[in-house]
Amino acid sequence: MKKLIVGNFKMNTTVQEFSNYLDKFLPDVKSLKNGIVLCVPYTHLMLANQKLVATNVLFGSQNISTEENGAYTGEVSSIMVKSLGATYTIVGHSERRKLFRETDEQINQKIKMALGVNLKVILCVGETKFEHNNNKTKLVIKRELEIALKGLYENELKNIVIAYEPVWAIGTGKTPSTKEIENVVDYIKNVVAEIFSQKSAEKLCILYGGSVDENNCANILKIEGVGGLLVGGSCLSPDKFVNIIK
Ligand code: PEP
């Protein structure tokens, strides 16, 4: 089945470097069948819009504002991102939760902002090392999902992808066992089924993210219920990212 492979550039590359990246990357992926999304810094959206039109690669932002417009210096709204041709935005990445103190309630608000302008959402959930070591993974994921999805209509779920990203696995070279990933992905489906319905939960696309590389990607993609990958560090090299997508 077709998988969704998302690259998260984080705060990396200048616009010129990103342009060079695309010149190398696009010819290598043009015949590949997986869904490909590049989540780039806001400053790169215009270039992405120009260079990715009529390609098989979609793009998105890594965050959006909780607000629509107004006196919010430094913020970028969902409609601004959408107006540059983006299809997706990441919401609730653990770096935003931790470094910028984003709350579950703000994440819920951001999701509503994105869906309101037809931007698809990649919602990140996952436990810290402390929570993992103290058997709190399910508790954390349930809370994150329940608040993030609060007040949404069931038919909006089709525009949401959920990324399971254990915080302790991001950028550390560590990954959970395949059994652990399978259990959490299954649990995410159960929570979504409780909130909405089994039918909608079954249709959900759930990604795994956290230290995915060329060596572990194939095994992770074989895990029951994993619909794709969210890739940070390894997407910054076009060669490595092409291999992962392949
Ligand atoms: C991420 O930032 O979403 C991520 C998964 O990072 P990395 O692949 O570097 O662990």
Side-chain angles (χ1 to χ4, degrees), residues 3-13 17-18 21 25 34-42 44 48 57-64 81 86-102 107 110-111 114 119-132 137 140-141 144-145 148 160-178 180-181 184-185 188 205-221 223 225-246:
K3 304 283 186 179
L4 182 65
I5 314 293
V6 182
N8 174 15
F9 274 59
K10 311 197 189 202
M11 196 173 73
N12 290 298
T13 70
E17 284 163 349
F18 178 54
Y21 179 106
F25 180 74
N34 284 324
I36 306 169
V37 181
L38 303 179
C39 289
V40 297
Y42 294 129
H44 299 20
V57 178
L58 298 173
F59 65 96
S61 63
Q62 302 166 11
N63 181 35
I64 49 161
V81 170
T87 304
Y88 284 91
T89 183
I90 296 175
V91 174
H93 191 280
S94 65
E95 285 154 15
R96 298 226 45 97
R97 291 179 191 259
K98 182 171 171 232
L99 303 173
F100 303 96
R101 307 244 191 287
E102 258 180 33
I107 288 161
K110 289 180 182 205
I111 292 175
L119 262 185
K120 291 180 196 278
V121 170
I122 299 165
L123 166 64
C124 299
V125 296
E127 80 287 2
T128 62
K129 188 174 169 52
F130 179 82
E131 290 158 348
H132 183 257
T137 300
V140 170
I141 287 189
E144 288 180 336
L145 287 173
I160 298 184
V161 171
I162 295 177
Y164 171 48
E165 294 212 311
V167 182
W168 54 272
I170 295 180
T172 59
K174 296 187 184 131
T175 54
S177 68
T178 51
E180 279 178 296
I181 297 176
V184 175
V185 166
I188 289 172
C205 176
I206 303 178
L207 311 180
Y208 168 78
S211 293
V212 171
D213 60 26
E214 293 163 288
N215 302 317
N216 61 21
C217 60
N219 277 338
I220 296 173
L221 284 172
I223 300 171
V226 171
L229 303 168
L230 179 50
V231 183
S234 295
C235 82
L236 293 174
S237 145
D239 288 336
K240 282 189 190 165
F241 198 37
V242 168
N243 282 339
I244 291 172
I245 298 163
K246 276 184 177 162

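All values derive from a computational prediction rather than experimental measurement. Each ligand, and each atom within it, is numbered from 1 in the order the structure gives.
- Proximity of a side-chain donor or acceptor of His132 to a complementary backbone N or O of Pro176 within less than 3.5 Å is not detected.
- For atom 1 (C) of ligand 1, the closest non-hydrogen atom on the protein side is His93 NE2, 3.2 Å.
- Among protein heavy atoms, atom 8 (O) of ligand 1 sits closest to Gly232 N, 2.8 Å.
- Between Ser211 and ligand 1, an N or O atom pair is found at a separation short of 3.5 Å.
- Listed by atom number, the atoms of ligand 1 under 4.0 Å from Ile170 heavy atoms are 2 (O), 4 (C), 6 (O), 10 (O).
- Side-chain atoms of Gln62 come within 3.5 Å of backbone atoms of Lys10 as a donor-acceptor pair (strictly under, hydrogens ignored).
- Judged by the shortest distance from any of its heavy atoms, Ser234 lies outside the 4.0 Å radius around the atoms of ligand 1.
- Ligand-side atoms of ligand 1 in range of Glu165: 1 (C), 3 (O), 4 (C), 5 (C), range being under 4.0 angstrom from any heavy atom.
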Given Ile170 and Glu165, is the side chain to side chain contact (heavy atoms under 4.5 Å, CB included) satisfied, shown in steps? CA-CA 7 Å; Ile170 295 180; Glu165 294 212 311; 3.6 Å; yes

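- Scanning all protein heavy atoms for the shortest distance to atom 9 (O) of ligand 1 gives Gly233 N, 2.8 Å.
- A donor and an acceptor atom, one from each side chain of Glu131 and Trp168, are nowhere located under 3.5 Å apart.
- The ligand atoms of ligand 1 that sit less than 4.0 angstrom from a heavy atom of Gly210 are 5 (C), 10 (O).
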One pair to check against side chain to side chain contact (heavy atoms under 4.5 Å, CB included): Tyr208 and Asn216. What are the steps and the verdict? CA-CA 12 Å; Tyr208 168 78; Asn216 61 21; over 6 Å; no

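- If you look at Asn8 next to ligand 1, the close heavy atoms, those under 4.0 Å, all belong to the side chain.
- For ligand 1, the atoms lying closer than 4.0 Å to a non-hydrogen atom of Gly171 are 7 (P), 9 (O), 10 (O).
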Can Asn8 and Val6 be said to form a side chain to side chain contact (heavy atoms under 4.5 Å, CB included), step by step? CA-CA 7 Å; Asn8 174 15; Val6 182; 5.7 Å; no

Side chain to side chain contact (heavy atoms under 4.5 Å, CB included) assessment of Arg97 paired with Ile107: CA-CA 9 Å; Arg97 291 179 191 259; Ile107 288 161; 3.4 Å; yes

